[in-house]
Structure formats: structure tokens, C-alpha cells
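Structure record follows, encoded as C-alpha cells.
Just the heavy atoms: all of them, side chains too, but no hydrogens, waters or symmetry mates, feed the values below. Proteins come first, then strands; the chains are lettered A, B, ... in the order of their sequence lines, and each starts at number 1.
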Amino acid sequence: MHLLPDLKKALPARASLAPTPEEAPEAMRTEALSAWFGPHQVLHEISLRFPARQVTALIGPSGCGKTTYIRCLNRMHEVVPSARVGGKVLLGGEDIYAPKVDPVLVRRRIGMVFQKPNPFPAMSIYGNVAAGLRLTGLAKGRSLDEIVERSLRQAALWDEVKDRLHQPGTDLSGGQQQRLCIARTLAVEPEVLLFDEPCSALDPVATEKIEQLLFELKKRYTIVIVTHNMQQAARVSDLTGFLLMGDLVEFGRTESLFTTPKDPRTEAYITGRFG
Amino acid sequence: MRRSTSRRDRGSDRPRRSRNPSDRLFRGATLGFALAILGLALLVAWQLFIHSKLSREQFGWSFLWTQTWDPVAGQFGALPFIYGTLVTSVLALVIAVPLGLGTALFLAELAPPRLSQWLAFMVELLAAIPSVIYGLVGIFIVVPWVRVHLEPALSGTLGFLPLFRGAPYGVGFLTAGLILAVMVVPFITSVSREVLLAVPRVQREAALALGATRWEMLRMAVLPYARSGIAGSILLALARALGETMAVTMVIGNKPQIAASLFEPGYTMPAVLANEFTEATDDLYLHALIEIGLVLFVVTVLINGIARLMLMRLAVPAGPVKR
Ligand SMILES: Nc1ncnc2c1ncn2[C@@H]1O[C@H](COP(=O)(O)OP(=O)(O)OP(=O)(O)O)[C@@H](O)[C@H]1O
Ligand SMILES: [Mg+2]
């Protein structure tokens, strides 16, 4: 099966005024990032640079370490017992793994949306969005209602739920639940958004909604997205990295990675010859 | 109810009727056993009902709120026993709930897994100790300690409350409540621990990813998710406390009275049944005792029913279920 022609069609025409990935200032960077589960090393010294207000996609076959990598970026990897990290993750030039850094504060600056929608079942739609704000009193000075509405609008969910804000979040459809989780993440105003296969549990219509949302969100946020779907990577991202068995094989502008891959393994993967 | 979908789904997996004869036989046999158990419970209730006839006819509903218990005069009222049962059980829960939940939280959330498993095993062993042993420990260790240390200390500090006034007897509501608390803590701890461990990882991570501390994660994601299961564990403990006989009889003083002070001796429904059954020589006395049994039966069945319903709600996945 040859995917290349399809992928070319999927590539968006770049708006001429937007900065190219090379020009954009750096928001986050990893330096020789390695990760282990117990004795098992699953990431080998990955160095990557994430430009501000751009979408970076990570692709690769199942089990290659995409989830592990993205979870290292907001210190969620260490939540798993026996998990360990080496190397650096620099956010705005500061290493988030430096000894004095509080992981709780890191996670407030780097939001994460998971593969499966995971709203809090005991909370209403409103409560879900407000959950992060209630933690810290971040909402001081502004009303919670305003922030909830703004976050739901940013997540393109407001019109669908504005009349039933106080119903349980789990009453929504899968796609709506995922946008609710996005709204919940946006409410605490992080600087970077991490998405781990956010559409893998969704149908094409819901997927399209989330992808459009990404275009809106990238005006304000730096986005890293893991995806299994190469058309999706081609459609939504500015930069793409290809991971294979814990190694970064190739990284570059999405259009060049998908049209003229430099590494034969990348070419094999995107043309569907393995993975 | 929003969680009903999956219950329906589960039901629809079952074939309505199989043509295979061995399937039918199996089905018939298991149905028979299930009905036999139900029948047994109904039979118990029915027996209690008919054998309390004299007492029910003589005293009517006022049996439930009369204080006199005078076998010589043939005057029977269950209120002191109902009161004693409720007071000791509530007291037990007041002590056991914070203790049991605290232990469960520690075991499920803070302790290293190996230590947690080992401690959970020890806690479950506590539940296996026969209640007469608790009674013995109560008589020989707890009663003297309560009389000499706890009751004077309580009346010294909290003596302005009627609950903690009066002479320190050692035997009474307070000691019974203490012993019951130790006996029901394992139920609360082991069930709540399981319930907490069953909270999905994605729920915990959702809270952590929002920047919750460990404690905030518990409050935001874990406890709300687990609350009906925890409530179920408390109700199971309550049912156990209401029905406990031996240990309570040995330390409560066995005096049918209603007293404001927890230091006073009292009596409970199971205790009076166990103690006076052999002495009940005339029919009315016997029927009055059996009616107490009936009251106890109804109360514990109700409480167990509520507990089961709460646990059932928990067993149904409450995660991102599409309607
Ligand atoms: N909790 C864990 N404990 C031990 N090993 C793990 C754990 N989670 C993942 N791994 C291992 O780490 C490696 C990378 O897994 P990871 O989940 O990052 O892959 P992935 O690229 O996200 O795969 P997928 O596309 O299937 O989601 C795999 O070999 C996996 O077996
Ligand atoms: Mg993954």
C-alpha cells in the first residue's frame, strides 16, 4: 500500500505569514532524554526541539516509546513505580528535572490529554472543567464561570453543553468527553499541550473536530501530539519525529519527512512496509 | 440511572433458553440452590414472625417503644435493647470509621506494595478471631483499663457532656463500643482498600496531570470514585456491629436501661436473646424474646441490603461510558 500520494494531499497549504518551524522561538527541548521501566530501557538519548506555537507530531510503530516520551515531558513517567528518567527536558531554558523543581508545578505548566477520554465521573461538566482551578485558587479575581465558559469555547464544546453544564461529564459522547478533557486542561492555562493519541478512541467526525481544534489551539499553545495515524500527523503538524524502538530516527518539517524522507526506515514506515 | 446501560448489556449476553439438555439441567440445579437460600431466609423470617405471636398481640407496636422489661410481671418492651444496640453500634462506627479509612488509605495509597499486602493480610486476620476471644480480652484487659484510666480521663476533660458523666464501672456502653470498633475495623479497612485499589489509573493520572498533589489527587479523583464502595464497607461494618452477640454480652453489663451516660451498663438485642433464652419459661416471655429477634433480623437485613446495593453500583464501570 502506498500512502505517499494521500499524504501529500493531506498536507495543509502553509499560510505564508506564519513563522516556519525554523524561525519560531523554542518553547521546549529535550537533551539526551532516556527512560527506563525497571531495568528495561525504552528511550535512548532523544534530543528534540519544540518550537513555540507549532504542532510537533511523533509517529512510530506500536511500542516504540511514543507514550513514554511524551509522559517524560510533564514528569508523568515517574508516576509509574520503578520508572526512571535520564537526560534533560528544558522548558523555557530551565530543566524540569532539576532537583529543586516540583513536579506538581511542572504539570500545571504542561497540560496533558490522554488517549482515552477520562473525565471525572463523579463531577459535572462544569466541575470537570473547574477541577484544576479549584486546586489552587488560580481563579482569584476572575469568576470561575467565566473561565469555564472560555475553556469550553476554546475546546469547541460550549454550544453543545451550555444548557446542561451541571449534568455528569460521563453523560457526553466519547468525542465530547475528549473535548471536555481538553477544556479541563486548557482551564489551568498551561504553556504546552501534550496529546497522546487523542483521537484513537473516536470516530472520523469527532476526530475531524479535534483536528480543527488543534489549528485553533496552536495560535496560543505549543503542541506535541502522538499519533498512530500518519494522515493525521500530515494534516495537523508542522514538524514530525519518527521513533523506532526507543530511538529518534528522523525529525524534520512534516512535509519533507513525508515527501522526501532521508532515512530508509522512515520511508519504509510511512509507505506502510512495516509497523 | 446513568449507569444502567452496562447492566443491560451484561444481561443481554445470556442466552434466554438453551436447548441443550445438560445446560437446562445445570440451569435448573443452580436456580434451585439460589431459590433454596432465598427460601431459607424467608423461612427464618416466617418462623420468627409466628413464634412471636403472643407478644405481638399483647403489646402491638408499643413493644418497640416500651422501656419495661419485667419477666415476673409479664411486661415486655424492647426499647432498652434497641437503644443499647444502636448506641454501641454507632459508637463503634464513630471510632472505627476514621481508624479503618485511615488505615485503608495508608495501605492503598502510601505504603509500599509489599508492606501493604502484608498489613492487609494481618488486618484480615483480625476479622477471623472468634468473638468470644474479643470478649475475654475485653473482660480481662479492656474493662479494667477503661475503669481505671479512660473513664476518669474522659469525665475529667469532657465531663460537661452528659455522655461522659457518672461513676466509672468499666462495663457498659463505652467498653462495648470500643470492643465492637476493633471487631469491625477489618471490614472497613479491607473492603475500602480493595475499593481504593480498584480506582483506575487513568483517573489518578487525570488529576496529577492537572497539577494535583498526592493529597489533592485523592480528594479530586480517588475518593469521589470510591465513595459508594467505601459507604458500602461502612454499612457492612454496621450490620456486623448490630448483630454481634458474644463479645458485647461479656462487657456491656447486661442491664436493660436507657442511660445518657456511656459509662452506664446497658443491654443489646443479641445479648438479651443469648442470655435469657434458656430462662424463658412461660410462652409470653419466649415470644417477647423472639420478637426481639424479629426486630434485629429486619434491621440487619435492611442494612445489608443497602450495603449490597451500594457495592453493586461500584461494580459497574463508572468511567467514560458512553450513554
Ligand atoms: N508500565 C510499564 N511497565 C513496563 N514497561 C512498560 C510500561 N509501559 C510501557 N512499557 C514498555 O515500554 C515500551 C514503550 O511503550 P510505549 O507505551 O511508550 O509505546 P508507544 O509507542 O506509546 O506504543 P503505542 O503506539 O502502542 O501506544 C514498550 O516496550 C512497553 O512494553
Ligand atoms: Mg502509546
Side-chain angles (χ1 to χ4, degrees), chain A residues 71 74-82 102-123 127-136 138 167-178 180-181 184-190 193-194 196 201-203, chain B residues 1-7 9 107-117 195-232 310 312-323:
Chain A
R71 284 168 62 92
N74 67 341
R75 298 196 63 170
M76 287 296 289
H77 180 60
E78 67 206 51
V79 170
V80 178
S82 90
D102 181 357
V104 167
L105 298 178
V106 169
R107 294 182 198 130
R108 281 182 199 152
R109 293 175 66 191
I110 307 176
M112 178 161 214
V113 176
F114 294 81
Q115 182 165 356
K116 267 168 97 183
N118 57 354
F120 300 121
M123 290 183 197
N128 264 284
V129 181
L133 296 163
R134 285 188 170 137
L135 280 179
T136 47
L138 281 174
Q167 286 175 20
T170 41
D171 275 5
L172 299 172
S173 76
Q176 288 171 326
Q177 287 186 24
Q178 192 62 304
L180 177 62
C181 294
R184 178 174 73 183
T185 309
L186 295 176
V188 293
E189 300 190 38
L193 293 176
L194 309 176
D196 186 4
L202 306 182
D203 68 46
Chain B
M1 242 195 52
R2 82 192 132 100
R3 284 165 187 167
S4 60
T5 335
S6 25
R7 213 170 293 162
D9 290 349
L107 292 181
E109 305 292 332
L110 300 172
R114 300 262 316 265
L115 180 68
S116 166
Q117 267 168 27
V195 167
L196 290 171
L197 288 177
V199 175
R201 214 181 70 178
V202 289
Q203 287 291 318
R204 295 164 186 271
E205 293 193 341
L208 289 178
L210 283 177
T213 61
R214 198 173 186 133
W215 165 242
E216 287 164 341
M217 170 193 85
L218 279 179
R219 232 183 38 200
M220 180 194 270
V222 178
L223 290 177
Y225 196 96
R227 67 187 168 195
S228 61
I230 290 174
M310 286 184 145
M312 224 152 74
R313 272 187 52 185
L314 180 96
V316 176
V321 178
K322 207 176 151 180
R323 215 184 204 322

* With only heavy atoms counted, which part of B:Arg201 is less than 4.5 Å from chain A, the side chain, the backbone, both or neither? ->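 Answer is side chain: those atoms of B:Arg201 sit under 4.5 Å from chain A.
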Heavy-atom pair with the smallest gap, counting every atom of [X] and [Y]:
X	Y	result
B:Ala206	A:Arg184	CB-NH2, 3.5 Å
B:Gln203	A:Pro121	OE1-CD, 3.3 Å
B:Gly211	A:Val104	O-CG1, 3.2 Å

* To do: Sequence neighbours left out, what passes side-chain contact (heavy atoms from CB on, under 4.5 Å) with B:Val222? Give chain and number order.
  =>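 Partners of B:Val222 under the side-chain contact (heavy atoms from CB on, under 4.5 Å) test: B:Glu109, B:Leu196, B:Val199, B:Arg204, B:Met217, B:Leu218.
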* Which residues satisfy the side-chain contact (heavy atoms from CB on, under 4.5 Å) test with B:Pro224, sequence neighbours excluded? ->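 side-chain contact (heavy atoms from CB on, under 4.5 Å) check on B:Pro224 returns A:Ala122.
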Under 4.5 Å heavy-atom distance to chain B, tell me which part of [X] shows up: side chain, backbone, both or neither.
X	answer
A:Phe114	side chain
A:Arg75	neither
A:Val79	side chain

* Asked: Just how far is it from atom CD of A:Glu78 to atom CG of B:Leu208, taken to the nearest 0.5 Å?
  ->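 These two atoms lie 10.0 Å from each other.
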* Begin from the C-alpha positions of B:Glu205 and A:Met112 and carry the test side-chain contact (heavy atoms from CB on, under 4.5 Å) through to its verdict. => CA-CA 10 Å; B:Glu205 293 193 341; A:Met112 178 161 214; over 6 Å; no
* Please tell me if the side chains of B:Val202 and A:Lys116 come closer than 4.5 Å, counting only heavy atoms from C-beta onward. =>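 No, too far: nothing below the 4.5 Å cut-off.
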